[in-house]
Amino acid sequence: MVSGDDRRSPHVSSLKLSSGESVVRLGRYEATYGLTAETPVQEWEGYEPHTLTSAEFDDT
C-alpha cells in the first residue's frame with residue numbers, strides 16, 4: 001500500500017529514527033520484505049498499469 005504525495009509505503013516512511021536505529025530497522029524490514037523501490041513504479045521499464053477491483057486484488 002502506498003500513500004501520500006511521494007507514493008511511499010507508510011511502513012517505510014515511519015522508519016525515520018536516529019541514524020543507528022533506522023539502519024537496524026531498515027535491515028530488518030528488507031530481510032523480511034525485500035528491498036524497497038528506489039524509483040517510482042511509473043518509471044519502471046515496461047510498466048503497464050492495470051485497474052483492479054478490491055476483489056481482484058484480494059484474489060491476487
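The structure displayed is predicted, hence computed values, not measured ones.
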Mind checking side chain to side chain contact (heavy atoms under 4.5 Å, CB included) for [X] and listing every partner two or more places apart, or none if nothing turns up?
| X | value |
| --- | --- |
| Ser54 | none |
| Phe57 | Leu52 |
| Glu45 | none |

Between Trp44 and Pro40, the two heavy atoms sitting closest are CD1-O, 3.4 Å
Donor-acceptor pair, side chain of Glu56 and main chain of Thr53, under 3.5 angstrom: yes
